[in-house]
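Side chains are part of it too, since the values below use all heavy atoms of this structure and drop only hydrogens, waters and symmetry mates. Note on naming: letters A, B, ... go to the chains in the order of the sequence lines (proteins, then strands), and numbering restarts at 1 for each one. Note that this is a predicted model, so its numbers are computed, not measured.
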Number of protein chains: 2
Amino acid sequence: MDTNTAAAKAALAHIEQDENPATIKAKSRDFFWYSPVLKDRMDHLEADFVVNPKTEAEVIEILRVCYAHDVPVTTRGAGTGNYGQAMPMRGGCVMHLRHMTAVKEIHPGRVICEPGILLKDLDSACKEHSGQEIRMFSSTWATATIGGFIAGGSGGVGSCTWGSLRDLGNIIRLRVVTMEAEPRVLEFRGEELARVSHAYGTNGIITEIEMPLAPAYDWVEMFVATKDFIAAARFAEELANEDGILIKLASVYEAPAPFDYFSRVRPHIEADDTLIGLMVAPHSMDGFETFLARRPEARLIYRSDRSDWPKTPGPVFEYGWNHTTLRALKVDPAITYLQVRYAFPRHLELIERMRDEFTPEILQHLEVLRENGKVMFAGLSLVKFSDEARLEEIIRIHEEAGAMIFNPHRYTLEEGGRQSVDDRQLAFKREADPKGLLNPGKMIAWDDPGWKYDRMYAYPAMSKPAEAAE
Amino acid sequence: MDTNTAAAKAALAHIEQDENPATIKAKSRDFFWYSPVLKDRMDHLEADFVVNPKTEAEVIEILRVCYAHDVPVTTRGAGTGNYGQAMPMRGGCVMHLRHMTAVKEIHPGRVICEPGILLKDLDSACKEHSGQEIRMFSSTWATATIGGFIAGGSGGVGSCTWGSLRDLGNIIRLRVVTMEAEPRVLEFRGEELARVSHAYGTNGIITEIEMPLAPAYDWVEMFVATKDFIAAARFAEELANEDGILIKLASVYEAPAPFDYFSRVRPHIEADDTLIGLMVAPHSMDGFETFLARRPEARLIYRSDRSDWPKTPGPVFEYGWNHTTLRALKVDPAITYLQVRYAFPRHLELIERMRDEFTPEILQHLEVLRENGKVMFAGLSLVKFSDEARLEEIIRIHEEAGAMIFNPHRYTLEEGGRQSVDDRQLAFKREADPKGLLNPGKMIAWDDPGWKYDRMYAYPAMSKPAEAAE
Ligand SMILES: Cc1cc2nc3c(=O)[nH]c(=O)nc-3n(C[C@H](O)[C@H](O)[C@H](O)COP(=O)(O)OP(=O)(O)OC[C@H]3O[C@@H](n4cnc5c(N)ncnc54)[C@H](O)[C@@H]3O)c2cc1C
Ligand SMILES: Cc1cc2nc3c(=O)[nH]c(=O)nc-3n(C[C@H](O)[C@H](O)[C@H](O)COP(=O)(O)OP(=O)(O)OC[C@H]3O[C@@H](n4cnc5c(N)ncnc54)[C@H](O)[C@@H]3O)c2cc1C
């Protein structure tokens, strides 16, 4: 620890800190290791100290002190992100928001809370208060925070109905603290929300959140099996297009992934079964059963409200979104993934082309998503990893065909996004983080405005691995 | 009154009946007179007697007695239908369900009620019980019944989000009484619902209804004005395509209709203003304001929650759907209307073509509707009526272009619909109404299976006007 860092740590001694080296190590990591590329680059990263504020006032104090001592601050919700988002590239301070969990107000259609509350705890509070729940959640509902979801996530369970987190209306208001000599507290609504949502905490710390709510229902969770992948994709799409049937999830897992990777489901299917994971509102089950009966090729093999399976599969959404990758990885460590956008109206055609090109190197995993009012698919493709060059080639072939990739093998905002600078985020960083101390190394536009995206960006100031450093 | 009818009336003397001739006349009519064509054909129709059952048991008794005496029965909710749906073509019995208003059960996401309750009273009960409301309602919310909406309506306020009434999931269950020597009571779900929903009560009487519910919000009602009609249509479509902004209504009224026909709005606009009527959830107002600010050509002239208008315009939805026609008719009795389907993806193109063809003979009135998951438009065009031949020609030109017409100048199910027999409804009528006594003259397939739809169908057994009969 250099003298500056030590001074900052000491100046913050009155705020709770973690001293156990194993804890500090653990709190410096997230799920970056899903990517063999990031695993190779980031495995050694570690904070110098970890501080756990309890209030916005403590957050302000941490930012003021670290600013004064030029110490980088990387904010942590629960560290379930996949892009190394929450990892301290230059060490310094990890600020863990786990104590900031208050639910402040609940009204019809909206909730106001602190950022560190787990998605599942937020849902419980809203359900208990007035039968409401958040519109959408990351499949890491049980472990992730709402602040991390907004700063690092994109959407998930519920996005088949409500679109993505950053669509207008899916976040109402954010309260944000800047990192300056004297940190400011700002309130963002409307267009301003884009400054800090999905900015990885690089330009301000979110201390209060106002989110829209939807009614909470006892969603019926289901698995449907078919022998035909494209029929399964059509099933999911057509179901999402049934305006009168309320759904929260429609995922498609290409055979043999369900058989190979979903151990609790395996006894009930065959290797050539493609699986559809669903959440349907209980009062839409009559409509759903009618829809299902029109498609005799589709077999309903599980429904959570009437299950006779000896072992429960657990929540169906924990098979979807990036949980699919997790389950595959547990069985086959050589699996990694890509995030693909199969946009309307070419979505099915693109999926078929990618299957022709890449089966069995890639198995399709699709999530129904709404974008601009249209049902389309997000792909979280399961990729059999060979080497980085081949991964690059796979990405190139997708993009040339028109299937945009959000590359989860990169740690910068730009490379994990649309490979372009977000001017609003950059402009706000200039204002809110003049020393560039917030989660450094994650915004290329800040460090290297002329970057060409012709190869993987390597943050020059990133801490070196121990051996290299010695 | 013939002897059979008199006998049936006498046999039903213990059930409440209306004896006042003016009441009997009034309860034999609906809003058929919106159509000059129907006005010409149906103005004289009148029931022989009107009976007001209080229970399903009384409904059964009425049907049993009328069956025994070969007396036609035409069911009446509130008589707000436009197609002469509730008018007794051969006289006989009008059965008015105004006393059957019980709300039996309310659960998260669904309600069970009797058919005669007004939409507004049903909403009040659901809102008071648990902050819920029905997903969609006819703009005659304040005066129409839920049974009449299901048997005669098609959709309305809420259909921009939930699609049409007959889409899977928008009705859960119907309980239906048949007209046989011994009436049966049947429960319909799923595919069976299509037998009796939108069947004008020609093949069974609905005595209990289970409907899905949505959360009730204090919808913010608004008017937005623009100088450009197509920009207004795009505004409405794009707003409906914002997945994160929850809306319940998006209507477009072409200039100068708002100025000419909406007297309370007139002081706030100019003749060349096209108007957009909106209902937006309160927790979506931030998102909406952001959306609005991106479109500087659109002026928000009224919002119900912050109005400074000296005279309130009343509910904005009472400017939409068929209320637009009503307001136009009140000012200019020569106005009538057409119901047009501008289907995705050609909707805007078709609308522009029809405007090129028909302005100013027709003024466009559009309602955003979801169909198969896509935002499109229902047109309830305001037509300056000249004569029936011209009306026919207008219809033909629409249909040739690909804009389907649901002709509101016809009293049969087929002509008001897709000009084809609904086999499920016909098959069920064979079972449930073997003597053809339920709302006779409304299902061509029953009376004249070989009908060609080459001209307006004229029910041969229809009662003649008084002079003609004498
Ligand atoms: C198995 C699995 C499944 C997943 N499924 C999904 C999914 O369905 N959808 C999805 O979007 N993501 C998914 N993810 C990624 C991740 O779990 C989610 O985005 C999650 O919501 C992140 O929350 P967190 O609390 O773990 O955030 P963290 O990982 O701790 O943080 C994420 C980012 O936000 C920043 N941050 C955190 N809190 C704040 C704050 N208060 N102010 C400013 N910046 C802050 C951090 O610095 C970091 O850059 C998945 C990951 C895994 C491992
Ligand atoms: C100004 C205006 C605006 C309108 N806006 C809309 C709109 O937005 N959307 C829309 O869909 N319609 C609209 N309509 C038409 C009509 O108001 C609605 O369809 C309304 O819901 C009908 O309800 P009601 O109780 O008046 O039915 P009625 O007119 O009494 O009956 C309609 C039909 O249903 C039958 N029926 C009634 N109850 C039963 C029962 N229990 N069992 C079997 N059959 C039965 C009747 O015999 C008749 O054929 C509008 C009409 C007007 C005049």
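The choice from B:Val375, B:Asp218, B:Leu246 that makes the most heavy-atom pairs within less than 4.5 Å of chain A is B:Leu246. Per-residue heavy-atom pair counts under 4.5 Å with chain B were compared for A:Pro215, A:Gly163, A:Gly287, and the maximum is reached by A:Pro215. The candidate with the highest count of non-hydrogen atom pairs below 4.5 Å against chain B, out of A:Gly109, A:Gly169, A:Pro108, A:Pro282, is A:Gly109. Most heavy-atom pairs under 4.5 Å with chain A, from the set B:Met285, B:Glu371, B:Arg294, B:Arg173: that is B:Arg294. Contact tally against chain A (heavy-atom pairs below 4.5 Å) for B:Gln132, B:Arg189, B:His107, B:Glu237: the top residue is B:Arg189.
Distance check, rounded to the nearest 0.5 Å: CD of A:Glu297 to CZ of A:Phe235 gives 8.0 Å. Residue B:Lys248 holds its NZ atom at 8.5 Å from SG of B:Cys160, rounded to the nearest 0.5 Å. Note that the OH atom of A:Tyr217 and the CE atom of A:Met279 stand 13.0 Å from one another [nearest 0.5 Å].
Heavy atoms closer than 4.5 Å to chain A are found in the side chain of B:Glu242, but not in its backbone. Neither the backbone nor the side chain of A:Glu238 comes within contact range of chain B; no heavy atom of the residue lies under 4.5 Å from a heavy atom of that chain. When heavy atoms are compared at a cutoff of 4.5 Å, B:Leu213 approaches chain A solely by way of its backbone atoms N, CA, C and O. With a 4.5 angstrom heavy-atom cutoff, B:Glu210 does not touch chain A via any of its atoms. Contact annotation for A:Phe291: both backbone and side-chain heavy atoms come within less than 4.5 Å of a heavy atom of chain B. In this structure, no portion of A:Phe288 lies under 4.5 Å from any heavy atom of chain B. Heavy atoms of A:Ser164 lying under 4.5 Å from chain B are absent altogether. Only the side chain of A:Arg135 comes within less than 4.5 Å of a heavy atom in chain B; its backbone stays farther off.
B:Ser197 contributes a side-chain N or O that, together with a main-chain N or O of B:Leu193, makes up a donor-acceptor pair within less than 3.5 Å. Of the possible polar contacts, none joining the A:Ser284 side chain to the A:Ile245 backbone as a donor-acceptor pair under 3.5 Å is found.
When each of A:Val157, A:Leu165, A:Leu249 is tested with A:Met136 by the rule side-chain contact (heavy atoms from CB on, under 4.5 Å), just one qualifies, namely A:Leu165. The ring-ring contact (aromatic ring centres under 6.0 Å, His included) test with B:Phe137 singles out one residue from B:Phe317, B:Phe149, B:Trp162, and that residue is B:Phe317. The side-chain contact (heavy atoms from CB on, under 4.5 Å) test with A:Met211 is passed by exactly one of A:Asn170, A:Leu122, A:Ile171, A:Leu174: A:Ile171.
Between A:Phe188 and A:Phe428, the two ring planes are perpendicular [angle over 60°; tilted spans 30° to 60°].
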